[in-house]
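The block underneath contains the structure these notes are about, expressed in structure tokens.
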Protein chains: 2
Amino acid sequence: MGEVTDSGLPRVVAIAWGTHAQPQSGPRRGMSHETIVAKAIEIADEHGLAAVTMQRLAEALGFTTMSLYRYVANKDELLMLMLGAESLVPEPAVPSAAPSGGPDEDWRVALRAWTDSLRTMYAAHPWLLDVTRGPTSVLMPASVLLVDQGLHAISGLGLSDHENLSLILVVSSYVSAFAALERDLAGQDDLAFGPEAMQELGSVITPERLPYAAPLFLSGGYVGGPVDDDLPGVESEYDFGLDLLIEGLAARRHRAPKGTTASKHG
Amino acid sequence: MGEVTDSGLPRVVAIAWGTHAQPQSGPRRGMSHETIVAKAIEIADEHGLAAVTMQRLAEALGFTTMSLYRYVANKDELLMLMLGAESLVPEPAVPSAAPSGGPDEDWRVALRAWTDSLRTMYAAHPWLLDVTRGPTSVLMPASVLLVDQGLHAISGLGLSDHENLSLILVVSSYVSAFAALERDLAGQDDLAFGPEAMQELGSVITPERLPYAAPLFLSGGYVGGPVDDDLPGVESEYDFGLDLLIEGLAARRHRAPKGTTASKHG
DNA sequence: ACCTGAACACCGTTCAAGT
DNA sequence: ACCTGAACACCGTTCAAGT
């Protein structure tokens with residue numbers, strides 16, 4: 001798919017890290033990858049990913065559409081550069097000087113701080129969820145930076161390298177999935193159905209066909225449900241799942257403490 | 001966004017469930033929502049979501065592009081109907097007659113069977129990960145059917161309705177995120193960088209800038225890593241995370257056994 | 001009410017030209 | 001080597017017409 005530089009690195013990765021040598025001769029360049037990507041992100045933040053067209057982007061930069069192709073092989077490459085931009089990653093929260101709960105609690109706080117950072121990123125740049133990732137996306141600056149911060153957060157757990165990376169992958173996958181869910185369900189409130197709509201749905205979501213879902217639907221627990229106005233969206237579900245992951249981690253940690261080989265105690 | 005029927009139900013939901021009354025007078029209809037959606041899914045399965053254009057779909061059905069607009073308000077509605085098609089959901093695996101591990105093990109087996117079903121669905125229809133969901137997607141037949149099967153799987157856990165639904169949401173989010181990861185990382189093998197590429201990346205992924213990621217990268221644990229040819233893609237990471245969720249669930253279950261008032265998610 | 005043909009306002013991208 | 005103007009092959013969608 002993507003082109004490759006002389007060193008064998010994908011072109012888009014080299015561009016993102018700034019190791020892609022720019023041509024030296026010829027007229028001065030009117031733009032740079034940085035300005036192009038920054039403007040594209042600005043448009044996506046403000047008007048959504050669909051608003052990021054080559055024409056609109058070029059116009060916003062004061063050039064013609066075709067000039068962009070001097071910097072970017074195609075639109076996919078532009079999207080990948082947006083996805084990998086280091087500027088997307090929030091500054092890590094400064095750890096508060098609050099009384100520590102001991103080493104057994106610290107990693108939970110650090111892990112939660114990291115997931116909060118991820119959520120902040122998705123909240124500020126929801127279009128990230130719309131960009132199709134690819135094999136090279138994990139090599140982009142934003143990904144590596146996030147992994148670095150994640151590894152930092154869980155460094156106190158004493159896991160192996162492979163386990164550390166697995167955990168980072170698992171947790172970031174979980175958070176991104178929930179960010180997507182939160183985005184998808186936005187405006188769910190407008191779906192406050194009247195009795196007619198509920199009856200129409202009830203005629204087809206029947207206990208015979210859907211024995212487990214139907215009762216939940218009829219009780220109102222499925223849509224709308226117990227409306228928690230305090231909690232925005234699926235906040236409580238998010239916490240529930242993250243708690244499960246953390247408790248699972250704690251259980252595993254307790255079972256096989258640092259430095260010990262896994263015991264058969266279970 | 002979407003139009004609404006007389007009953008207040010979103011038009012696309014009514015169509016999907018078959019409660020949307022078809023016009024009676026006039027010429028016989030040449031197509032149906034079923035045939036249109038089935039053909040669209042066929043195209044997406046075979047050639048990807050990008051290949052599903054109104055023109056191509058209509059041609060495959062033997063009609064002109066514009067005729068589709070008699071059945072579907074716009075392309076978004078078509079995508080939503082594809083996303084919600086009941087036919088996407090795999091048949092639930094018949095529980096094997098293997099010796100039971102007791103009620104404390106049964107729910108783990110059932111939960112894993114359900115997640116396997118979800119993964120099968122994403123593997124067979126990878127374009128599902130590319131369709132932007134919306135507030136109404138949870139009301140579509142495929143979603144409700146999957147929720148029903150999920151509730152069935154965890155019915156032995158004795159959780160509250162709300163907890164059940166939370167768990168379904170959490171687990172399905174996790175699985176979909178990993179399905180996306182697996183898809184995104186497909187072809188990662190082609191990224192077997194030579195020493196030149198590694199050196200170029202190493203010049204910019206430095207211990208100073210990325211203290212936690214750099215060592216992992218230099219040790220080869222980040223890209224390529226310990227190549228497990230037996231395990232396709234991120235299989236082991238997937239299992240790791242699912243184990244964590246299940247262990248967390250077991251720990252919680254142990255702490256607040258069935259019959260006790262459940263703590264409210266935290 | 002169905003289906004069609006023509007047309008519109010966009011897309012991303014190529015190419016030959018100017019500087 | 002940069003930037004441009006014109007052109008191409010598509011998109012989704014609207015509209016007035018035929019039946």
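The sequence lines fix the lettering, A, B, ..., with proteins before strands; numbering per chain opens at 1.
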Got a list of protein N/O to nucleotides 10-13 of chain D N/O distances below 3.5 Å?
{"residue": "dG12(D)", "atom": "OP1", "partner": "K75(B)", "partner atom": "NZ", "Å": "2.7"}
{"residue": "dG12(D)", "atom": "OP2", "partner": "M54(B)", "partner atom": "N", "Å": "3.1"}
{"residue": "dG12(D)", "atom": "OP2", "partner": "Q55(B)", "partner atom": "NE2", "Å": "3.1"}
{"residue": "dG12(D)", "atom": "N7", "partner": "Q55(B)", "partner atom": "NE2", "Å": "3.3"}
{"residue": "dT13(D)", "atom": "OP2", "partner": "Y69(B)", "partner atom": "OH", "Å": "3.0"}
{"residue": "dT13(D)", "atom": "OP2", "partner": "K75(B)", "partner atom": "N", "Å": "2.9"}

Problem set entry | Side-chain touch M54(A)/Y69(A), heavy atoms, less than 4.5 angstrom | yes

For this session: Nearest whole angstrom, please: distance from the C1' of dC2(C) to the CG of L61(B).
Result: 15 Å

Exercise. Are R119(A) and Y238(A) in a cation-pi contact, defined as NZ or CZ under 6.0 Å from the six-membered ring centre and within 45° of the axis?
Worked result: yes

For this session: Look at the aromatic rings of W127(B) and H125(B) and report parallel, tilted or perpendicular, splitting at 30° and 60°.
Result: perpendicular

Exercise. What ring-ring contact (aromatic ring centres under 6.0 Å, His included) pairs are there with at least one residue in residues 22-58 of chain A, not counting sequence neighbours?
Worked result: H33(A)-Y71(A)

Seminar exercise, completed: For P90(A), the side-chain contact (heavy atoms from CB on, under 4.5 Å) test, sequence neighbours excluded, returns S117(A), T120(A), M121(A)

All N/O pairs under 3.5 Å across the protein-nucleotides 16-19 of chain D interface:
none

Problem set entry | Y71(B) side-chain N/O to dC2(C) phosphate OP1/OP2 under 4.0 Å | no

Seminar exercise, completed: Residue pairs meeting salt bridge (charged side-chain N to carboxylate O under 4.0 Å, His left out), one or both in residues 127-138 of chain A, sequence neighbours left out, come to D130(A)-R183(A)

For this session: Mind calculating the distance between CD (Q22(A)) and C1' (dC2(D)) to the nearest angstrom?
Result: 13 Å

Seminar exercise, completed: From CG of L68(A) across to C1' of dT14(C) the rounded distance in Å is 15 Å

Exercise. At under 4.0 Å between heavy atoms, what does S25(A) touch on the DNA or RNA strands: base, sugar-phosphate, or nothing?
Worked result: sugar-phosphate

Exercise. Where do V72(A) and N74(A) come nearest, in terms of heavy atoms and distance?
Worked result: CG1-O, 2.8 Å

Exercise. Would you say M80(A) and T136(A) make side-chain contact, with heavy atoms under 4.5 Å?
Worked result: yes

Exercise. Are T64(A) and dT4(D) close enough that a side-chain N or O sits under 4.0 Å from OP1 or OP2?
Worked result: yes

Problem set entry | 5'-to-3' dot-bracket of DNA chain C (Watson-Crick, G-U; under 3.5 angstrom; crossing pairs as [ ]; | other strand) | ||.|||||...|||||.||

Exercise. Rounded to the nearest 0.5 Å, what separation is found between the CG atom of L88(A) and the CD1 atom of I41(A)?
Worked result: 4.5 Å

Problem set entry | Closest non-hydrogen atom pair, A85(A) against V37(A) | CB-CG1, 4.2 Å

Problem set entry | Heavy atoms of other groups near E91(A) CD, more than 12 under 6.0 Å | no

